[in-house]
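Values below: every heavy atom of this structure, side chains too, minus hydrogens, waters and symmetry copies. In this chain, numbering begins with 1 at the start of the sequence shown.
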Amino acid sequence: MEGAVTRYRILALVVGTLLVLLTIGMVLKYGPTDMPEMVAVVSPIHGFFYMVYLAVAYDLWRRTGWPLNRMAVIVLGGIVPLMTFFVERRIVQDARELGGAKAEAEASA
């Protein structure tokens, strides 16, 4: 399970950073500067990594057995700017606690 947590954590940070860059690019594109170049570059990169993020998030969600609303929060984390960093922190903490509890249960069985 630790491998799934690590994969999720890396992709969450990549997607979150790209989302912040995309938000800055949108401000530059529609603001007074009229510079659409940044959005044209960052948008497809974010889209690709977001699809990979969804696959990794699904894998982590499946392994943990969390309810569907937890998966919805993870999915929104890759769409709402800055939310990814807060969601990632909480998800990683909860997954590691769950993984530790499962390991203890298996060791005592």
*Asks:* Using the rule that two of Ile, Leu, Val, Met, Phe, Trp, Tyr join whenever any of their side-chain heavy atoms come within less than 4.5 Å, decide whether V27 and V20 are in one cluster.
*Replies:*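 V27 does not cluster with V20.
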*Asks:* Starting from L60, can I reach F86 by hopping between I/L/V/M/F/W/Y residues whose side chains sit under 4.5 Å apart?
*Replies:*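 Per the 4.5 Å side-chain linkage, F86 and L60 are not co-clustered.
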*Asks:* Angle between ring planes, Y50 versus H46, binned at 30° and 60°: parallel, tilted or perpendicular?
*Replies:*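 It falls in the parallel class, under 30°.
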*Asks:* Between L21 and L82, is there shared hydrophobic-cluster membership here, with clusters defined by ILVMFWY side-chain heavy atoms closer than 4.5 Å?
*Replies:*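 Yes, L21 and L82 fall within the same hydrophobic cluster.
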*Asks:* Identify whether V87 and M51 are in the same connected component of the hydrophobic contact network (ILVMFWY, side-chain heavy atoms under 4.5 Å).
*Replies:*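 They do not share one cluster, since no chain of ILVMFWY contacts under 4.5 Å joins V87 to M51.
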*Asks:* Between I91 and R70, is there a side-chain heavy-atom distance shorter than 4.5 Å?
*Replies:*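 Heavy-atom side-chain distance check passes, below 4.5 Å.
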*Asks:* Starting at CZ of F85, measure out to CG of L19 and round the result to the nearest 0.5 Å.
*Replies:*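 Reported to 0.5 Å precision, the distance equals 8.0 Å.
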*Asks:* So which atom in P81 and which in T23 form the shortest heavy-atom distance, rounded to 0.1 Å?
*Replies:*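 Heavy-atom minimum between the residues: CG-OG1, 3.4 Å.
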*Asks:* Quick check: closest heavy atoms across P44 and V39, and the distance to 0.1 Å?
*Replies:*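 For P44 and V39, the tightest heavy-atom pair comes out as CD-O, 4.1 Å.
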*Asks:* Roughly how far, to the nearest 0.5 Å, is the CD1 atom of I74 from the CG atom of N69?
*Replies:*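 Here the interatomic distance stands at 10.0 Å.
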*Asks:* Are R96 and E2 side-chain neighbours, meaning at least one heavy-atom pair lies under 4.5 Å?
*Replies:*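 With C-beta onward as the side chain, the pair touches.
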*Asks:* Kindly indicate whether the side chain of M83, heavy atoms from C-beta on, has any atom under 4.5 Å from the side chain of V73.
*Replies:*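 When only atoms from C-beta onward are counted, V73 and M83 do touch, with a gap below 4.5 Å.
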*Asks:* What are the two closest non-hydrogen atoms of A12 and E88, and how far apart are they?
*Replies:*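 Scanning both residues, the minimum pair turns out to be CB-CG, 3.7 Å.
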*Asks:* When you look at CZ of R90, are more than 12 heavy atoms from neighbouring residues, nucleotides or ligands closer to it than 6.0 Å?
*Replies:*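 No - once you tally the heavy atoms of other residues, nucleotides and ligands closer than 6.0 Å, there are 12 at most.
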*Asks:* Less than 4.5 Å apart, side chain to side chain, heavy atoms only: is that true for W66 and M71?
*Replies:*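 Heavy-atom side-chain distance check fails, nothing below 4.5 Å.
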*Asks:* Is V52 reachable from L76 through a run of I, L, V, M, F, W or Y residues, each pair having side-chain heavy atoms under 4.5 Å apart?
*Replies:*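 Yes: a chain of side-chain contacts under 4.5 Å links L76 to V52.
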*Asks:* Can you tell me how far CE of M1 sits from OG1 of T64, rounded to the nearest 0.5 angstrom?
*Replies:*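 Between T64 OG1 and M1 CE, I get 6.5 Å after rounding to 0.5 Å.
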*Asks:* I'd like to know if the side chain of W61 and the backbone of V56 have a donor-acceptor N/O pair within less than 3.5 Å.
*Replies:*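 A pair under 3.5 Å: no.
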*Asks:* Does CZ belonging to R89 count more than 12 external heavy atoms closer than 6.0 Å?
*Replies:*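 Atom CZ in R89 is not packed in, count stays at 12 or less.
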*Asks:* Rounded to the nearest 0.5 Å, how far apart are CG of L54 and CG of D59?
*Replies:*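 Answer for the CG-CG pair, L54 versus D59, is 12.5 Å.
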*Asks:* What distance do K29 atom NZ and L22 atom CG have between them, rounded to the nearest 0.5 Å?
*Replies:*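 Output value for this atom pair is 9.5 Å.
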*Asks:* To the closest 0.5 Å, what do you measure between OH (Y53) and CG (L13)?
*Replies:*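 The distance works out to 10.0 Å.
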